[in-house]
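What you see is a predicted model; the values in this text were computed from it and never measured.
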Amino acid sequence: MPVPGQSGYTGYTGYTGYTQLWVSFTIILWTTVEGNPAPEIVRSYDSYRVYRSIPETEEAQDALDIEIKLKEGQCEFMKEAHKLGLPSDFMCHNSAAEEVLNRVKKAGLKVETMIENVGSLVREGEEEHRRLNRQADTMNWDNYQRYDTIIPWMEQLAADNPSFVTLTDMGRSHEDRKILMLKVGRSPRGSQTRAIWVDGGIHAREWIAVATATFLLDKIVEVFKTNDTSTCDTQSVQSVDWYMAPLLNPDGYEYSHTSDRMWRKNRSPPPAGSSCYGTDLNRNWDVIGFGAGVTSSNPCAETYKGTARNSEPETKAISETILKYKSNIRIYLTFHSYGQYWLTSWGYKTELPVDNEKLVSLGRQAVDAIQCVTPSRSYTIGSAGAIFYIAGGASDDYAKAAAEIPYSFTVELPDSGSYGFLLPANQIKTVGEELWAATGVLAREAARHNTGPDPAREEEKREDKKLGLE
């Protein structure tokens, strides 16, 4: 029987609901703010460590949850899996770590240190970023690129390749940054041409998601530009259209570069009565399950769902674009990090989708292709709610439930925890090549699938009705 961490594992459902640590900080202005920082604050992660524990019993899981909550402000989960036997990662300040570790060990939990000093790792990344920037000031995948490099590059791709690249300005962020999507393809079957949607960067700190999406965009454009038919995969890539939106949260992404490397949300202004910035864009989508599970009505929380469904300009712009092309999009693929999970539906409930076997089968084929590039790269495959926990209002649920796209996947990219969100830039190309190997598999499935609404949707609605989830 496949086990967690192996590519054949199919067992569960849950969505990533990473929470960000409320860290101590050095600041330009000594200002104390409960929760998320005001714009003038720069956070430091010195004296913080990341630990990992793998609860084997519900009692152990509950004990870990209680201890982290008791030390809120000094400790917080970075990644929490509610499926027994899967790892939960948490970050603690050194001043609280000893007490927490002693208590969880008394509860029978083993704990290992994953990152000795988060602040040092952040600084190493900043120094490497500056060094690489001195060597190249154009789009490349030796380094993590900024908004001001990515957006002009996308615009130039469209200008240079008008016969098969179309630029769509989906809208503007809170801080008036562009949210762009490129359609790449020649629509060989006209209005019946199947398509794949790929996006990244909805969570600001997940830099490898943006880098991987742009890496694939570059590869796909090159295949169309050269009319490469040398392999079955390159032929398959050209049999469909590609909708590529690599940077969904430009404000948060920039803020994670300038002020807080671990920032997750967008940069929406604080609502009335709060001093906390940002909405979790992956809890803000207008879809069944909005507000369920690991979501929050507290503006200071990392999983703050916003003031209403689709309250954020980013979410509105992206969802409207997806709906415009939903009849042709057969696969929705969104990149996140970290953990190495290939997640299928659903996030708003723990029950498996009615077409679970189909979803898991394609996920397994994609992971097999990844492992042809890097045999040691294991991904856990399965539906999102039970691997992590119920979390409503996410983009992957929106794609399958609201837009009725047959396949919806969230891919939690590498690594498995040694670096977490701070994956070094020298691993960008390897991760990119791995996901590139999966594109042929996905394209072949998309090309053979009928256009129109997800054929499983009506049956899923009936199941939801039985559960009282209408």
Side-chain angles (χ1 to χ4, degrees), residues 1-18 55 57-58 61-62 65 79-86 88 280 282-296 303 305 309 326 330-334 336 339 341-367 379-412 449 453-470:
M1 178 178 178
V3 297
Q6 294 180 350
S7 63
Y9 178 71
T10 63
Y12 302 97
T13 74
Y15 188 71
T16 56
Y18 301 146
T57 67
E58 290 185 7
Q61 179 70 65
D62 291 342
D65 290 345
K79 181 178 66 172
E80 185 179 12
H82 280 213
K83 170 59 189 171
L84 298 179
L86 292 180
S88 289
D280 183 347
N282 215 35
R283 299 292 186 272
N284 188 241
W285 294 68
D286 183 8
V287 64
I288 184 172
F290 173 80
V294 183
T295 62
S296 179
T303 55
K305 64 185 178 181
R309 298 168 181 253
K326 67 177 185 177
R330 304 295 81 197
I331 298 172
Y332 173 83
L333 185 65
T334 182
H336 287 249
Y341 294 88
W342 193 285
L343 298 174
T344 62
S345 305
W346 299 99
Y348 71 92
K349 61 180 180 178
T350 57
E351 288 77 11
L352 295 173
V354 297
D355 56 350
N356 180 64
E357 184 177 346
K358 179 179 85 168
L359 302 179
V360 169
S361 176
L362 184 56
R364 187 181 296 113
Q365 292 175 55
V367 170
Y379 274 75
T380 299
I381 306 166
S383 114
I387 287 182
F388 292 106
Y389 33 68
I390 291 174
S395 70
D396 51 359
D397 279 354
Y398 181 87
K400 188 163 173 66
E404 301 185 342
I405 294 168
Y407 290 95
S408 182
F409 298 123
T410 291
V411 180
E412 298 286 351
H449 206 290
D454 180 6
R457 187 66 198 131
E458 291 305 315
E459 184 179 352
E460 197 72 59
K461 287 179 180 178
R462 290 192 290 272
E463 292 299 313
D464 282 343
K465 187 175 183 179
K466 293 177 186 177
L467 296 168
L469 295 174
E470 296 176 274

A.B. asks: Listed by chain and number, what are the salt bridge (Lys or Arg N to Asp or Glu O under 4.0 Å) partners of Arg457, not counting sequence neighbours?
C.D. replies: none
A.B. asks: Please evaluate residues Lys358 and Tyr407 with respect to the criterion side chain to side chain contact (heavy atoms under 4.5 Å, CB included), reporting the C-alpha separation (whole Å), side-chain torsions for both, the decisive distance (0.1 Å), and the verdict.
C.D. replies: CA-CA 9 Å; Lys358 179 179 85 168; Tyr407 290 95; 3.0 Å; yes
A.B. asks: CG of Asp397 to CG of Asn282: how many Å apart, nearest 0.5 Å?
C.D. replies: 9.0 Å
A.B. asks: Just to verify, what does Thr57 make a side chain to side chain contact (heavy atoms under 4.5 Å, CB included) with, not counting sequence neighbours?
C.D. replies: Glu59, Ala60
A.B. asks: Where do Asp464 and Lys349 land on the side chain to side chain contact (heavy atoms under 4.5 Å, CB included) test, with the steps shown first?
C.D. replies: CA-CA 9 Å; Asp464 282 343; Lys349 61 180 180 178; 2.6 Å; yes
A.B. asks: Main chain of Ala81, side chain of Ser88: is a donor-acceptor contact present, judged purely on distance under 3.5 Å?
C.D. replies: yes
A.B. asks: Please list, chain by chain and in numerical order, all residues satisfying side-chain hydrogen bond (donor to acceptor under 3.5 Å, both in side chains) with Asp454, sequence neighbours excluded.
C.D. replies: Lys400
A.B. asks: Any donor-acceptor pair under 3.5 Å linking the side chain of Arg283 with the backbone of Val294?
C.D. replies: yes
A.B. asks: For Glu351 and Lys466, run salt bridge (Lys or Arg N to Asp or Glu O under 4.0 Å): C-alpha distance rounded to whole Å, both residues' side-chain angles, the deciding distance at 0.1 Å, then the answer.
C.D. replies: CA-CA 12 Å; Glu351 288 77 11; Lys466 293 177 186 177; over 6 Å; no
A.B. asks: Test of understanding: with salt bridge (Lys or Arg N to Asp or Glu O under 4.0 Å), list the residues that count as partners of Glu459, not counting sequence neighbours.
C.D. replies: none
A.B. asks: With side chain to side chain contact (heavy atoms under 4.5 Å, CB included) as the criterion, how do Trp342 and Arg364 come out once you've worked through the C-alpha distance, each side chain's angles and the decisive distance to 0.1 Å?
C.D. replies: CA-CA 8 Å; Trp342 193 285; Arg364 187 181 296 113; over 6 Å; no
A.B. asks: Mind checking what makes side chain to side chain contact (heavy atoms under 4.5 Å, CB included) contact with Ala402, not counting sequence neighbours?
C.D. replies: Val287, Tyr398
A.B. asks: Between Phe409 and Thr344, is there a side-chain heavy-atom distance shorter than 4.5 Å?
C.D. replies: yes
A.B. asks: Examine distances only and state if a side-chain atom of Ser408 and a backbone atom of Asp396 form a donor-acceptor pair shorter than 3.5 Å.
C.D. replies: yes
A.B. asks: Who pairs with Asp62 by side-chain hydrogen bond (donor to acceptor under 3.5 Å, both in side chains), at least two apart in sequence or on another chain?
C.D. replies: none
A.B. asks: Can you sort out the partners of Lys465 under side-chain hydrogen bond (donor to acceptor under 3.5 Å, both in side chains), two or more places apart, ordered by chain and number?
C.D. replies: none
A.B. asks: Glu460 side chain to Val354 main-chain N or O, any donor-acceptor pair under 3.5 Å?
C.D. replies: yes
A.B. asks: Kindly determine whether Lys461 and Ile288 satisfy side chain to side chain contact (heavy atoms under 4.5 Å, CB included), including the steps that lead there.
C.D. replies: CA-CA 10 Å; Lys461 287 179 180 178; Ile288 184 172; over 6 Å; no
A.B. asks: Ignoring hydrogens and geometry, is there a side-chain-to-backbone donor-acceptor pair from Asp280 to Lys305 under 3.5 Å?
C.D. replies: no
A.B. asks: Using the test side-chain hydrogen bond (donor to acceptor under 3.5 Å, both in side chains), find all partners of Glu404 that sit at least two apart in sequence or belong to another chain.
C.D. replies: none
